[in-house]
Amino acid sequence: MFLTSALLDRAGVIHGFTTREGGVSEAPWDALNLGGSVGDDPAAVEANLQRLAASAGIARERFRGAVQVHGDRVLLVEEGPWDPSNEGDALLATASGLAVAVKTADCVPILLFQPETGEAAAVHAGWRGTAAAIVRRAVEALASRGGDPGSTLAAIGPCIGRCCYEVSAELAADFGSRIGPGVVEGRRLDLAEANRLLLREAGLQEGAIDVLSRCTACEPVHFFSHRRDAGRTGRHLSFVAARDGRSLS
């Protein structure tokens, strides 16, 4: 029902990147998400979440999501009541067993784990969020709570690849100057690579970043794609759970 990162698996982190397979509905626009914002049947959404929670070994009520607005706000998620109408594109889980999640359908899902504190973050980075360096802000938020960026782990999940993501010449040039020439090829933009470079700038080690290298637009059987399907599509859910940092030494 979901893909995992070998890097996070080795660290014993509960996480996953869902595909379009394994849900209760065959309709291509029915999403596996924490809301019902893209025309989903709410009952199907809830059934999908129940299946996902059971597969991941996390109680359904421990999942947390937010309204994504393509910004750079990092939300702190603690024990207690949670308002899913909170707006933000990164969520940081502070309590063991809390799972934070983001929705994507071409944008980049990034999962972070800080072994020293046991805290975790899920990041949604489209081109706007990438330009605003939201993933770097998420790393900084983890570091502000006691975790060294040099020990932080990251997994970059399926997203639209350079092969399929053509943007305006102006946007390509901006990314080339802002992040580096290696993230563009003509008018094609590599969002996964851009976020990998931002993670390195934030202090992560080269071997601490796992890129799954799956293009959502290239694989219609496995993934939703907003661009390929002209907006009539579902969403993937990418999640990661915090754990007790004291047990990681």
Side-chain angles (χ1 to χ4, degrees), residues 3 5 7-8 15-18 31 33-34 37 64-77 86-93 100-114 120-143 149 152-167 171-172 174-176 178-180 182-184 188-204 208-217 223-227 233 235-240:
L3 306 174
S5 156
L7 177 69
L8 296 186
H15 72 287
F17 302 94
T18 69
N33 61 34
L34 292 177
S37 59
R64 302 287 186 270
V67 176
Q68 297 168 191
V69 294
H70 295 277
D72 65 352
R73 185 182 181 195
V74 181
L75 299 173
L76 192 66
V77 181
N86 287 324
E87 294 186 351
D89 290 86
L91 298 92
L92 193 165
V100 286
V102 293
K103 298 173 288 186
T104 59
D106 277 340
C107 294
V108 188
I110 306 152
L111 305 179
L112 305 174
F113 182 72
Q114 184 19 261
V123 182
H124 159 256
W127 74 260
R128 290 179 180 85
T130 302
I134 185 172
V135 73
R136 189 165 61 205
R137 289 185 179 276
V139 173
E140 291 168 354
L142 285 168
T152 300
L153 306 177
I156 298 175
C159 62
I160 194 167
R162 181 199 301 248
C163 49
C164 297
Y165 193 37
E166 189 171 23
V167 299
L171 186 60
D174 180 63
F175 266 82
R178 185 191 300 264
I179 298 178
V183 304
V184 293
R188 297 187 182 275
L189 176 58
D190 191 335
L191 286 177
E193 174 64 8
N195 281 281
R196 188 191 71 81
L197 292 175
L198 288 170
L199 286 166
R200 291 286 285 130
E201 289 178 7
L204 271 71
I209 305 170
D210 185 14
V211 183
L212 269 63
S213 299
R214 299 284 295 271
C215 174
T216 49
F223 300 113
F224 297 116
S225 170
H226 188 275
R227 173 164 289 209
T233 191
R235 299 290 186 272
H236 310 110
L237 194 74
S238 300
F239 67 94
V240 62

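From a predicted model like this one, the values you see are computed outputs, not experimental measurements.
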Quick one: [atom1] on [X] to [atom2] on [Y], what's the gap to the nearest 0.5 Å?
X: Leu91; Y: His124; atom1: CG; atom2: NE2; result: 11.5 Å
X: Leu204; Y: Ile209; atom1: CG; atom2: CD1; result: 5.0 Å
X: Cys159; Y: Arg214; atom1: SG; atom2: CZ; result: 12.0 Å
X: Asn86; Y: Arg64; atom1: CG; atom2: CZ; result: 11.0 Å
X: Ile160; Y: Thr104; atom1: CD1; atom2: OG1; result: 11.5 Å
X: Leu191; Y: Arg196; atom1: CG; atom2: CZ; result: 14.0 Å

(request) Start with the C-alpha distance between Val100 and Leu92, add both sets of side-chain angles, then the distance that settles side chain to side chain contact (heavy atoms under 4.5 Å, CB included), and finish with yes or no. (result) CA-CA 7 Å; Val100 286; Leu92 193 165; over 6 Å; no
Are any of the side-chain heavy atoms of [X] and [Y] separated by less than 4.5 Å?
X: Val102; Y: Asp89; answer: no
X: Val135; Y: Leu199; answer: yes
X: Leu212; Y: Ser5; answer: yes
X: Asp106; Y: Tyr165; answer: no
X: Val74; Y: Glu140; answer: no
X: Ser238; Y: Leu111; answer: yes
X: His70; Y: Cys107; answer: yes

(message) Under the criterion side chain to side chain contact (heavy atoms under 4.5 Å, CB included), I'd like the reasoning laid out for Val167 against Trp127: C-alpha separation, chi angles, the key distance, then a yes or no.
(response) CA-CA 10 Å; Val167 299; Trp127 74 260; over 6 Å; no
Kindly give the heavy-atom pair with the smallest separation between [X] and [Y], and that separation in Å.
X: Leu237; Y: Ala101; answer: CD1-CB, 3.8 Å
X: Ile110; Y: Ala125; answer: CD1-CB, 4.2 Å
X: Val240; Y: Ala122; answer: CG1-N, 4.2 Å
X: Thr233; Y: Phe224; answer: OG1-CB, 3.2 Å
X: Ala192; Y: Val211; answer: CB-CG1, 4.4 Å
X: Ala194; Y: Thr130; answer: CB-CG2, 3.8 Å

(request) Given side chain to side chain contact (heavy atoms under 4.5 Å, CB included), test Ile179 with Leu198 step by step and report yes or no. (result) CA-CA 8 Å; Ile179 298 178; Leu198 288 170; 4.3 Å; yes
(request) Determine, for Glu201 against Arg136, whether the closest basic-nitrogen to carboxylate-oxygen distance falls under 4.0 angstrom. (result)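 Yes, this pair counts.
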(message) Using a strict threshold of under 4.0 Å (side-chain N to carboxylate O), is an ion pair present between Asp72 and Arg137?
(response)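 Asp72 and Arg137: salt-bridged.
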(request) Report yes or no: does Gln68 contribute a side-chain atom to a donor-acceptor pair with the main-chain N or O of Lys103 at less than 3.5 Å? (result)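 Checking the backbone N and O of Lys103 against the side chain of Gln68, a donor-acceptor pair under 3.5 Å is found.
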(request) Determine, stepwise, if the pair Leu8 / Asp210 fulfils side chain to side chain contact (heavy atoms under 4.5 Å, CB included). (result) CA-CA 8 Å; Leu8 296 186; Asp210 185 14; over 6 Å; no
(request) Measure centre to centre between the rings of His236 and Phe17, then say whether the value is under 6.0 Å. (result)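 No - the distance between ring centres of His236 and Phe17 does not fall below the 6.0 Å cut-off.
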(message) Please enumerate all residues that pass salt bridge (Lys or Arg N to Asp or Glu O under 4.0 Å) together with Arg162, with sequence neighbours excluded.
(response)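 Salt bridge (Lys or Arg N to Asp or Glu O under 4.0 Å) list for Arg162, sorted by chain: Glu185, Asp190.
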(message) Holding to salt bridge (Lys or Arg N to Asp or Glu O under 4.0 Å), I want the full list of residues that pass it with Arg128, two or more places apart in sequence or in another chain.
(response)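 Not a single residue meets the salt bridge (Lys or Arg N to Asp or Glu O under 4.0 Å) criterion with Arg128.
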